[in-house]
Amino acid sequence: MQAYERIMEVSALTPDGLFRGLLRGQGYLMTMVDGEIIVSEDRCPHADFPLSSARREGDSVICPMHNGVFDLKTGESVGLRKFSPLCRVPSRVVDGYVEILVDQPADASAVIESGGAREN
Ligand code: FES
């Protein structure tokens, strides 16, 4: 089962930044493109470099390990060397927080009791 959970306040994001959110040990890359919040797993699809530590150029993120270039809006590899696309994560904004759609742990009731949001 999947449900939306809060990961970061929207006010923490800046229009051209790359941010890392952490949820149950999993890192997520968060950024804004044309005012839209985009969330992906925080790992390069080539060899897992954390892209929140990479460089952003326009609407792309450039992985410093092997110069992979990924379009942040589409997730596609757009550099000279092609890689798999970024692993995008569905997200939404509720009450000033970015929420992401994630698999629930086996004991999902613990998440609900700690204030996690659920999608019905
Ligand atoms: S690890 Fe990112 S391009 Fe190789």
Side-chain angles (χ1 to χ4, degrees):
M1 185 176 81
Q2 290 190 312
Y4 280 96
E5 292 190 42
R6 284 183 177 181
I7 188 164
M8 185 176 280
E9 286 187 68
V10 172
S11 62
L13 304 176
T14 58
D16 56 356
L18 299 171
F19 299 88
R20 179 177 171 87
L22 205 57
L23 189 62
R24 287 195 287 279
Q26 171 73 45
Y28 295 91
L29 170 69
M30 290 180 287
T31 192
M32 295 177 78
V33 178
D34 297 331
E36 179 186 353
I37 294 172
I38 309 278
V39 182
S40 304
E41 290 183 3
D42 189 16
R43 59 181 187 81
C44 179
H46 178 227
D48 295 341
F49 182 85
L51 292 174
S52 59
S53 301
R55 178 170 50 97
R56 179 170 169 169
E57 209 171 277
D59 293 343
S60 296
V61 60
I62 302 169
C63 180
M65 294 298 284
H66 311 96
N67 293 318
V69 182
F70 301 91
D71 183 302
L72 287 164
K73 199 158 190 168
T74 65
E76 293 300 316
S77 173
V78 294
L80 292 177
R81 192 170 166 196
K82 301 297 182 202
F83 300 105
S84 298
L86 298 178
C87 186
R88 297 284 301 273
V89 178
S91 64
R92 66 184 187 186
V93 173
V94 176
D95 296 333
Y97 284 87
V98 179
E99 296 182 348
I100 59 173
L101 187 62
V102 291
D103 292 332
Q104 295 300 289
D107 183 11
S109 61
V111 173
I112 295 165
E113 289 169 7
S114 70
R118 297 191 64 169
E119 180 185 52
N120 294 318

Under a 4.5 Å side-chain heavy-atom rule over Ile, Leu, Val, Met, Phe, Trp and Tyr, are Leu13 and Ile7 clustered together? yes
Look up atom OG in Ser52 and atom CZ in Arg43, then write down how far apart they are to the nearest 0.5 Å. 13.0 Å
Is it the case that the side chain of Asp42 and the backbone of Leu51 share a donor-acceptor pair, with hydrogens and angles ignored and the cut-off at 3.5 Å? yes
Hphob cluster co-occupancy, Met30 + Tyr97, side-chain heavy atoms under 4.5 angstrom: no
Would you say the side chain of Leu29 lies within less than 4.5 Å of the side chain of Leu72, judging by non-hydrogen atoms? yes
Might you work through the side chain to side chain contact (heavy atoms under 4.5 Å, CB included) test for Tyr28 and Val98, ending with a clear yes or no? CA-CA 11 Å; Tyr28 295 91; Val98 179; over 6 Å; no
Phe49 and Phe19: same hydrophobic cluster, using ILVMFWY side-chain contacts below 4.5 Å? no
If two hydrophobic side chains count as joined below 4.5 Å and joins carry through other members, does Met32 share a cluster with Met8? yes
Please tell me whether Ile100 and Val93 are part of a single hydrophobic cluster in this structure, the criterion being side-chain heavy atoms less than 4.5 Å apart. yes
Whether His46 and His66 hold their rings parallel, tilted or perpendicular, with breakpoints at 30° and 60°: perpendicular
Heavy atoms of Val89 and Glu41 approach each other most closely as CG2-N, 3.9 Å
Once you round to the nearest 0.5 Å, how far does CG of Leu80 lie from CG of Asn67? 9.0 Å
Any non-hydrogen side-chain atom of Asp95 less than 4.5 Å from a side-chain atom of Arg6? yes
Is there a side-chain contact between Phe70 and Pro45 in this structure, where contact means two heavy atoms from C-beta onward sitting under 4.5 Å apart? yes
So how far is it from Leu86 CG to Cys44 SG, rounded to the nearest 0.5 Å? 7.5 Å
With respect to Thr31, which candidate in Arg56, Glu36, Lys73 satisfies the side-chain hydrogen bond (donor to acceptor under 3.5 Å, both in side chains) definition? Arg56
What distance separates Ser91 OG from Ile38 CD1, expressed to the nearest 0.5 Å? 7.0 Å
